[in-house]
Amino acid sequence: MSDKLPIRDQIIAAVGAAIASAGFPALAGPIVLEVPKQREHGDFSSNAAMQLAKPVGAKPRDIAVAIRVALLEAAVPHLADVEIAGPGFMNFRLSPTWLYDVLETVVAAGPNFGRNAELAGRRINLEFVSANPTGPLHAGGGRWIAAGDAIANLLASQGAEVHREYYLNDTGNQLNTFRDSLFARYQRQELPEDGYVGEYMVEIADALRAEHGASLDAAQLCELGLRIVIAGIRDDLERIGVRFDTWFSERSLHENGEVDAVLQLLTDRELVFELDGAVWIRTTDFGDQRDRVVKKSDGSTTYLLNDYAYHCNKFARGFTHLINIWGSDHHGQVKSLQAGIEAITGQPGEPEIILGQLVKLLRGGEEIKISKRAGNIVTLADILDEVDADVARMTFLLQSVDTRQTFDLDIVTSQSMENPVYYVQMAHARIASIGRKAAEAGVVRAPLPAVNLALLEHPREHELLRALAQYPETLAEAAAARAPHKLTHWVLDFAARFHGFYRDCRVLDAEPELLQARLWLAEASRIGLSNALTLLGVSAPEEMARLDDESLEGAPTQ
RNA sequence: GCGCUCGUAGCUCAAUGGAUAGAGCAUCUGGCUACGGACCAGAAGGUUGGGAGUUCGACUCUCUCCGAGCGCGCCA
């Protein structure tokens, strides 16, 4: 690890010092240094002068001029010039030498490039998927699998210890419906009203009948059926490459008396009251729309109380922060859960809930309405039968979870240009290809300190290094915003830059010295691309299957 | 009715309150005897749903209207 501060931090420090030496007061907030959208605006720009305009009582441009003078006197490394533009922006123009430092930093950090220790010491429990174990995972659920796993990776990249958890709702009404439906199939009888019509129920019933005969009672059948469904869910998760640290049983909460204990605690603290024979919690005291029932008049507990017990259990296991990923159709439950947890623990905002819009599935240009009752679900396994996990994951991670994603099965399952995963993987494969060709030609990469990186003068080369310089920050932003799509977009942008470099800056045909510099640039690119793809859960292949290869995996089915 | 979320190019989507709102696909025009062209370059495409406000500056924040999705059980 390099102990040298990134250029960005050096400039920020220099600006701070320049503001002081020019006799201005310090900024109220942190000094913002951003990468301008337009290259003509320099390598970095700052709006500090505009922010100082009001407190100082001077024109932004005049302030900028004063800061500029102080900055140029300070001899900041790599700083060539500071231009004042527009309403008072300061545009920092750097010598390309800063980019060579970037390359060295990337290579030195290797697999750790981009990681930091911002969240060190934090133990985060991330609960996601948690679909009821009453049937297979459906296609739209793939979004939460991909997003959850990627968010876990993002948080871990910032130094947190992240625990992936699946909450198994192995008790309650839905399970009873499952039991009754399965038992009806098992006995070859009519399904009960509102039963699960899915064909998989018939398959499970038949399998259990074949193995155990017709002698099982409903409870035994339910247990065995549950195991089969859960095993199926595990298989699907395995196929897409996600592994959970804990599968938490809701039933265990009851068996261990944790639900009763929470109710007792609420009662002791007088957070509950009785009405119409039921017990209610005063969640309105903590911002909820209305109070909620925790214990019904028939003596049974509500899902909400079970959830309180569950989240208390998570805290008891030592997690410092809880995060749940939910479909937006559950947004109405956020307040009541957080209100209760705040009442119990005193911590507001726990658990953090990431709400994601549901996926709209399209096939043949028409929306597929998913309904477990109607039995017309498209399962995740269906998707994975047609495309490999990389395609599925990348597609799910293309967009912000705030938007209602349209998952067009015709496009996703085709190898069309609208499938960006190949574009990205191609870039990585090309890097590997260069390495192979170099080896064949007997070219050995010289030690980095012996290589003249100043030969990397082409705009394509500079663009590549700029993108690498931006990576750690993009990663941190993606983690902070719980937004893996930001990283996906970095990857797409980076791949585009690499393809441009590959086209215009031939590596192996270059003069020996330049060849060496470009080999190292390719290596740094490989590191950046590989690190990012790893966090997204997408593989970085050494070579691509040939498009014209008939044995191509995931070939179009139509 | 109340509440939450979302409206950006023909389509799918980006853009910590910053400068001329960006990509991909589709359309059109160029470029390969290749470190694999699943590539590159260029053109065209916009009143950021409408209106008002906040300020040096708004896709972004506030209000309002329109449109879409979802939630408002002693279901989970």
S.K.: I'd like to know if the side chain of A:Gln174 pairs up with that of A:Tyr303 as donor and acceptor (distance under 3.5 Å, no hydrogens or angles considered).
M.R.: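 There is no such pair between these side chains.
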S.K.: Quick check: any donor-acceptor pair below 3.5 Å linking the side-chain of A:Ser297 to the base of B:rC74?
M.R.: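 Result: at least one qualifying N/O pair found.
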S.K.: Do NZ/NE/NH1/NH2 and the carboxylate oxygens of A:Glu463 and A:Arg460 come within less than 4.0 Å?
M.R.: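 Looking at A:Arg460 together with A:Glu463, the answer is no, because their closest N to O distance does not fall below 4.0 Å.
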S.K.: Hey, does the side-chain of A:Asn47 have a donor or acceptor N/O within less than 3.5 Å of a partner on the base of B:rG18?
M.R.: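 Under the 3.5 Å cut-off, the side chain and the base do form a donor-acceptor pair.
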S.K.: Among B:rA76, B:rC74, B:rA15, which nucleotide sits nearest the side chain of A:His330?
M.R.: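 Among the listed nucleotides, the one closest to the side chain of A:His330 is B:rA76.
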S.K.: Specify the separation, in whole Å, of atom CE of A:Met394 and atom C1' of B:rU12.
M.R.: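 From A:Met394 CE to B:rU12 C1': 14 Å.
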S.K.: Any side-chain N or O of A:Lys296 below 4.0 angstrom from OP1/OP2 of B:rC75?
M.R.: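 Yes, because at least one side-chain N or O of A:Lys296 sits under 4.0 Å from OP1 or OP2 of B:rC75.
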S.K.: Judged by each residue's nearest nucleotide on RNA chain B, which is more toward the 5′ side, A:Val293 or A:Lys54?
M.R.: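 Its nucleotide being nearer the 5' end, the pick is A:Lys54.
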S.K.: Using Watson-Crick or G-U wobble geometry with both distances below 3.5 Å, tell me the partner of B:rA34, or none.
M.R.: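 Base partner found: none.
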S.K.: Do the two ring centres, one from A:Phe501 and one from A:His458, sit under 6.0 Å apart?
M.R.: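 No, they do not, as the ring centres are separated by 6.0 Å or more.
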S.K.: What about A:Asn91: does its side chain form a donor-acceptor pair under 3.5 Å with the base of B:rA19?
M.R.: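 Side chain to base: pair present.
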S.K.: Indicate whether the side chain of A:Asn324 and that of A:Glu352 have a donor and an acceptor atom separated by less than 3.5 Å.
M.R.: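 Checked: A:Asn324/A:Glu352 side chains show no N/O donor-acceptor pair below 3.5 Å.
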